[in-house]
Amino acid sequence: MSERRLIGSGSPFEAAYGYSRAVVQDGFVFVAGTTGYDYAAMTLPDTATDQTEACWRTIAAVLAEAGASLGDIVRATYYVTDRSEADAILGVCGRVLGAIRPAATIVVVAGLLRPEMKVEIEVTTKRS
C-alpha cells in the first residue's frame with residue numbers, strides 16, 4: 001500500500017470541516033467536491049458558467065500539485081442546483097473535458113452548503 005498524501009487548496013472550509021481538497025493514494029487522486037470559490041480572495045462569481053470555470057481552475061491546480069492533470073481524470077460528478085443552468089455548466093465541462101471524456105454523472109440537487117453556490121464538481125484520476 002502506498003503512502004497517503006493529503007492536499008489542500010487554501011480553503012478555510014477544509015480545516016473547519018475536516019477534509020482535504022484531494023487525497024493521493026495507490027495511483028489515484030480523489031478530489032473533493034469543489035465549488036467556484038476563489039479561495040485566495042474568498043469570492044464566488046455570480047454566474048453558473050463563471051463558477052464552473054473557477055471549479056476547473058481549482059481542480060487543475062490541485063491535480064498539478066498531486067502530480068496529475070485533467071487528462072488523468074477517469075470519473076467526474078457534477079452537482080447542479082438549478083436544472084435550467086445545466087446546459088451552461090455542462091458546456092464548460094465539455095470544453096474542459098471534451099477530449100478526455102471521463103465517466104461522468106450530473107445530479108440536480110436541492111442545494112449546496114451555501115445558497116449562492118450553483119455547482120460543485122468532484123473528480124477521480126488514475127495514473128499507472
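Both backbone and side-chain heavy atoms feed into the values below; hydrogens, waters and symmetry mates do not. Residue numbers run from 1 in the order of the sequence given.
Across Ala54 and Gly36, no two heavy atoms sit closer than the pair CB-O, 3.2 Å. Closest non-hydrogen pair, Thr58 versus Ser9, comes out as CG2-CB, 4.3 Å. Between Tyr19 and Phe13 the shortest heavy-atom distance is CE2-O, 3.5 Å. Across all non-hydrogen atoms, the minimal contact from Ile73 to Ile100 is O-CG2, 3.7 Å. Across Gln25 and Phe30, no two heavy atoms sit closer than the pair O-CE1, 4.5 Å. Contact detail for Ser69 and Thr125: the closest heavy-atom pair is O-CG2, 4.2 Å.
When the side chains of ILVMFWY residues are joined at heavy-atom separations under 4.5 Å, either directly or via intervening members, Tyr17 and Val109 end up in a single hydrophobic cluster. At a threshold of 4.5 Å between side-chain heavy atoms, the hydrophobic network of Ile, Leu, Val, Met, Phe, Trp and Tyr places Val74 and Leu63 in two separate groups. The hydrophobic cluster containing Ile121 does not contain Val23, counting ILVMFWY residues as joined when their side-chain heavy atoms lie under 4.5 angstrom apart, directly or transitively. The cluster map of Ile, Leu, Val, Met, Phe, Trp and Tyr, joined by side-chain heavy atoms under 4.5 Å apart, puts Val119 and Val31 in the same cluster. Both Val24 and Ile59 are part of a single hydrophobic cluster, where members link through side-chain heavy atoms under 4.5 Å apart.
Residues Pro12 and Met42 have side chains in contact (heavy-atom distance under 4.5 Å, counting atoms from C-beta outward).
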Quick one, Val29 with Asp72, criterion side chain to side chain contact (heavy atoms under 4.5 Å, CB included). Give me CA distance, side-chain angles, the key distance, then yes/no. CA-CA 9 Å; Val29 181; Asp72 296 315; over 6 Å; no

Apply side chain to side chain contact (heavy atoms under 4.5 Å, CB included) to residues Leu44 and Gln51 and explain how you reach the verdict. CA-CA 7 Å; Leu44 183 69; Gln51 286 188 25; 3.7 Å; yes

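Judged purely by atom type and a 3.5 angstrom limit, Asp38 uses its side chain to pair as donor or acceptor with the backbone of Ala40. A donor-acceptor pair under 3.5 Å is formed between the side chain of Arg127 and the backbone N or O of Gly67. Distance alone, capped at 3.5 Å, places no donor-acceptor pair between the Glu120 side chain and the Thr35 backbone.
Here Glu85 contributes atom CD and Thr47 contributes atom OG1; the two are 8.0 Å apart, rounded to the nearest 0.5 Å. Atom OH of Tyr79 sits about 10.0 Å away from atom CG of Leu112, to the nearest 0.5 Å. Rounding to the nearest 0.5 angstrom, the gap separating the OG1 atom in Thr105 from the CZ atom in Arg75 is 4.0 Å. A distance of 10.5 Å separates CD1 in Ile7 from CD in Glu14, rounded to the nearest 0.5 Å. Atom CZ of Arg21 sits about 4.0 Å away from atom OH of Tyr39, to the nearest 0.5 Å. Rounded to the nearest 0.5 angstrom, Tyr78 OH and Glu122 CD are separated by 11.0 Å.
A salt bridge does not link Glu65 with Arg5: every distance from a Lys NZ or Arg NE/NH1/NH2 to an Asp or Glu carboxylate oxygen is 4.0 Å or more.
Residue Asp82 places its CG atom among more than 12 non-hydrogen atoms of other residues, nucleotides or ligands, all under 6.0 Å distant.
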